[in-house]
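These numbers come from a predicted model, not from an experiment.
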Amino acid sequence: MAKQNDRPTLATVAARAGVSIKTASRVLNGEKHVAQATAEKVEDAAAELGFRLNPTAKRLRAGGRSPYIGIVLTDADDAFQARVFSALEAELATVELRPVVTVAGDDPEREQAFVDECLANDLSGIIVVRSHPDAGDIYARAAAASGIRIVSFDPAVSGDGISILAGDEVDAGRLAAKQLLDHGHIALGVIGDHSTSLITTRRLEGIQSAFTGRHDVGWRAYMREDAHDEASAKNVVAAWLGSRSAPSALITLSATLTQGAIDACRRLDEWPALVGIDDFPTAELLDVTVIDRDVETMVAEAVRRLQVTTGEGDGRLGGGAGEGEGRLGDGASLGQDVFPVRVIARGSGEELPEQARRLSSRNS
């Protein structure tokens, strides 16, 4: 038996079986025209030694590409990004692909360095869950220069060879506002993230569209687009609820901001109506109404688009000769698929404006 800390090699398997390295390789790679008795000796030796072929090395030797996929997040604590990554990890495993992850935070240079590493290591694709608003060009350049397959859940990451799978952000904003308008609210606080983010601007566009023709609705006085995390969202909401004219309802443009808003409400024991965009793990327990999309369907489609779509072979990423055509990143503009969103009504977005009247009375 090999020592516990020794990693068996093809050479040690061949020596144990009493065959050449070439013969051992042929057996373990499933090639034909090896005597049955010889094949059994090699397989028994490999099992005794605990030897496993390196699938990455095998794939690269066959002319394929790495089975690793780069995954870009900006905030690992953001509920939407965490949900997408968890689903991606499971879905990639079904097609023998593995994620390599970076959490870029607020640093476009970190995204650039990660993309450079992906290209240097010949990764087979990149999935952008969220990107910094100033980092979009990084991926367009990478796709144009290398032909690497790129799929993005962030609509700001676009360009030839990039496939975009996004939720209907305009409709998400519209549905959030409509849910509150339909329950009688006319003073709404809107909490957003980066004002330059395409996701934020589209969601705000949808909110504004819901107010068309409604001159009695006040929201711009309460709008904040610079709350980037739970702490800043909590501070914004606490200031609103402590003012003499608090909004009767809140719209939060991400799950992270929703959680910050809830923290402020809990600390002050004041509960205006609230609709958040993107679901999060405790939203059902807290009866929080959200606007959400089918993450699992989007993830399955993202992984499908990383796979070879034309050519010979088994249709998986990084196969042998004849599977090189039809990959993402071959220069064609792949456009954008927009996935529908829906209201998940749990109670917080269905509260009537009595709470606002109580706040106004208390603060007058």
More than 12 foreign heavy atoms under 6.0 Å from CZ of Arg141: is that the case here?
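Yes, enclosed.
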In this structure, are over 12 heavy atoms from other groups packed under 6.0 Å from Arg224 atom CZ?
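No, the 6.0 Å shell around CZ holds no more than 12 heavy atoms from other groups.
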For side chain to side chain contact (heavy atoms under 4.5 Å, CB included), just list the numbers for Val72 and Val129, CA-CA rounded to whole Å, side-chain angles, deciding distance to a tenth of an Å, and then say yes or no.
CA-CA 6 Å; Val72 180; Val129 180; over 6 Å; no
In a check of side-chain hydrogen bond (donor to acceptor under 3.5 Å, both in side chains) between Thr74 and each of Gln81, Arg130, His132, which one passes?
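Exactly one pass, corresponding to Gln81.
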Using a strict 4.0 Å threshold on nitrogen-to-oxygen distance, state whether Asp171 and Arg293 make a salt bridge.
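Salt bridge: no.
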Got a salt bridge between Lys234 and Glu230, using NZ or NE/NH1/NH2 to carboxylate O under 4.0 Å?
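Result for this pair is no, no salt bridge flagged.
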Determine whether Val299 and Glu296 satisfy the following criterion, side chain to side chain contact (heavy atoms under 4.5 Å, CB included), listing intermediate values before the conclusion.
CA-CA 5 Å; Val299 163; Glu296 287 70 25; 5.8 Å; no
Assess the side chains of [X] and [Y]: does a donor N or O sit below 3.5 Å from an acceptor N or O?
{"X": "Ser20", "Y": "Thr23", "value": "yes"}
{"X": "Gln179", "Y": "Thr289", "value": "no"}
{"X": "Asp287", "Y": "Ser348", "value": "no"}
{"X": "Ser232", "Y": "Asn235", "value": "no"}
{"X": "Ser163", "Y": "Arg305", "value": "yes"}
{"X": "Gln112", "Y": "Asp116", "value": "yes"}

Would you give the length of the straight line joining atom [atom1] of [X] to atom [atom2] of [Y], rounded to the nearest 0.5 angstrom?
{"X": "Ile127", "Y": "Asp154", "atom1": "CD1", "atom2": "CG", "result": "13.5 Å"}
{"X": "Ile126", "Y": "Ile138", "atom1": "CD1", "atom2": "CD1", "result": "10.0 Å"}
{"X": "Phe85", "Y": "Leu92", "atom1": "CZ", "atom2": "CG", "result": "8.5 Å"}
{"X": "Phe153", "Y": "Ser131", "atom1": "CZ", "atom2": "OG", "result": "14.0 Å"}
{"X": "Asp137", "Y": "Glu111", "atom1": "CG", "atom2": "CD", "result": "11.5 Å"}
{"X": "Ile164", "Y": "Ser152", "atom1": "CD1", "atom2": "OG", "result": "6.0 Å"}

Start with the C-alpha gap between Arg267 and Asp263, add the side-chain angles, then the distance that decides, and say whether side chain to side chain contact (heavy atoms under 4.5 Å, CB included) holds.
CA-CA 6 Å; Arg267 289 176 181 272; Asp263 193 14; 3.2 Å; yes
Excluding sequence neighbours, so at least two apart, what forms salt bridge (Lys or Arg N to Asp or Glu O under 4.0 Å) with Asp279?
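Scan of Asp279 (salt bridge (Lys or Arg N to Asp or Glu O under 4.0 Å), adjacent residues dropped) gives Arg346.
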Which pair of non-hydrogen atoms, one from Leu188 and one from His185, has the smallest distance, and what is that distance?
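The answer is CD1-O, 3.7 Å.
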Restricting to non-hydrogen atoms, name the atom on Trp271 and the atom on Ile262 that form the minimum distance, rounded to 0.1 Å.
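Here Trp271 and Ile262 meet closest at CH2-O, 4.0 Å.
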Would you check if the side chain of Ser254 reaches a backbone N or O of Leu257 as a donor-acceptor pair within less than 3.5 Å?
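Yes, Ser254 side chain to Leu257 backbone: donor-acceptor pair under 3.5 Å.
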Where do Cys265 and Glu270 land on the side chain to side chain contact (heavy atoms under 4.5 Å, CB included) test, with the steps shown first?
CA-CA 5 Å; Cys265 294; Glu270 303 289 359; 5.7 Å; no
Could you list the donor-acceptor pairs under 3.5 angstrom formed by side chains in residues 35-43, with sequence neighbours left out?
residue	atom	partner	partner atom	Å
Gln36	NE2	Glu40	OE2	3.1

For residues 197-212, pull every pair meeting salt bridge (charged side-chain N to carboxylate O under 4.0 Å, His left out), keeping only residues two or more places apart or in separate chains.
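Those involving residues 197-212 are Glu169-Arg203, Arg203-Asp278.
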